[in-house]
Amino acid sequence: MVLINVLFTIHIRKSNLSISDVGLGSSRMQLINENKEEIPKMWPALHNMVIDDQERLWILTITDSDSTYKGWVLNKKGELMAKFNWSGSRNERTPEVSPLFKIKNGYLYTRERDIRKGIDRIVKYKIIFKEQ
């Protein structure tokens, strides 16, 4: 079991959710129209949280941008180690499947998909923390 004492406070402002801007297919739009009273007015604040093999907590938050998430990395003591921007479309976010995001041995692995272009691959990024 990994325990992380969070000493750092992250202030996150939720973004407005406009169903008309999401670009959903007709079957999902029909489901939404049938359940309008249950649809939230805001996007969830968190997109994803992952603990890596060094017991660091990686957090991706949803921003006002459709193409960028805000990332935060906390160490085991809950101290902020890094902040970063991560590209990705919140409109393609699905609550039933969390995004593939794994950090191990100094690398971040993620799945990049573009169904329109027929791209579906695992991409590996080297992680380098720089002192400020």
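None of these values were measured; they are calculated from a predicted model.
- Considering only heavy atoms from C-beta on, Trp58 comes within 4.5 Å of Leu108 through its side chain.
- The neighbour count for Lys126 NZ, taken as heavy atoms of other residues, nucleotides or ligands under 6.0 Å away, is above 12.
- Taking CE of Met81 as the reference point, atom CD of Gln54 lies at 9.0 Å (rounded to 0.5 Å).
- Between Asn105 and Asp53, some side-chain heavy-atom pair lies under the 4.5 Å cut-off.
- A donor atom on one side chain and an acceptor atom on the other are found under 3.5 Å apart for Ser65 and Ser67.
- Residues Thr61 and His47 fail the side-chain proximity criterion, which asks for heavy atoms closer than 4.5 Å.
- Residues Lys83 and Lys70 meet the side-chain proximity criterion, which asks for heavy atoms closer than 4.5 Å.
- Leu80 has its side chain within reach of Trp72: a pair of non-hydrogen atoms, C-beta onward, lies under 4.5 Å apart.
- Looking only at side-chain heavy atoms (C-beta outward), Lys76 and Arg56 stay at 4.5 Å or farther from each other.
- For the pairing with Leu57, the side-chain contact (heavy atoms from CB on, under 4.5 Å) check across Leu74, Asn75, Val73 returns one residue only, Leu74.
- Considering only heavy atoms from C-beta on, Ile103 comes within 4.5 Å of Val50 through its side chain.
- Within the model, atoms CZ of Arg121 and CD of Glu112 stand 5.0 Å from one another, a figure rounded to the nearest 0.5 Å.
- Val123 is connected to Ile127 through a chain of hydrophobic side-chain contacts under 4.5 Å among Ile, Leu, Val, Met, Phe, Trp and Tyr, so both are in one cluster.
- Between Tyr107 and Tyr109, the ring planes are tilted. Angles from 30° to 60° get that label.
- Rounded to the nearest 0.5 angstrom, Ile51 CD1 and Lys102 NZ are separated by 11.0 Å.
- The distance from atom CH2 of Trp86 to atom OG1 of Thr68, rounded to the nearest 0.5 Å, is 12.0 Å.
- At a threshold of 4.5 Å between side-chain heavy atoms, the hydrophobic network of Ile, Leu, Val, Met, Phe, Trp and Tyr places Phe84 and Phe129 in one connected group.
- Rounding to the nearest 0.5 angstrom, the gap separating the CZ atom in Arg111 from the CD1 atom in Ile122 is 6.5 Å.
- The existence of a salt bridge linking Lys104 and Asp52 is excluded, since no basic side-chain nitrogen approaches an acidic carboxylate oxygen closer than 4.0 Å.
- Taken from CG in Leu60 to CE in Met49, the straight-line distance is 10.5 Å, to the nearest 0.5 Å.
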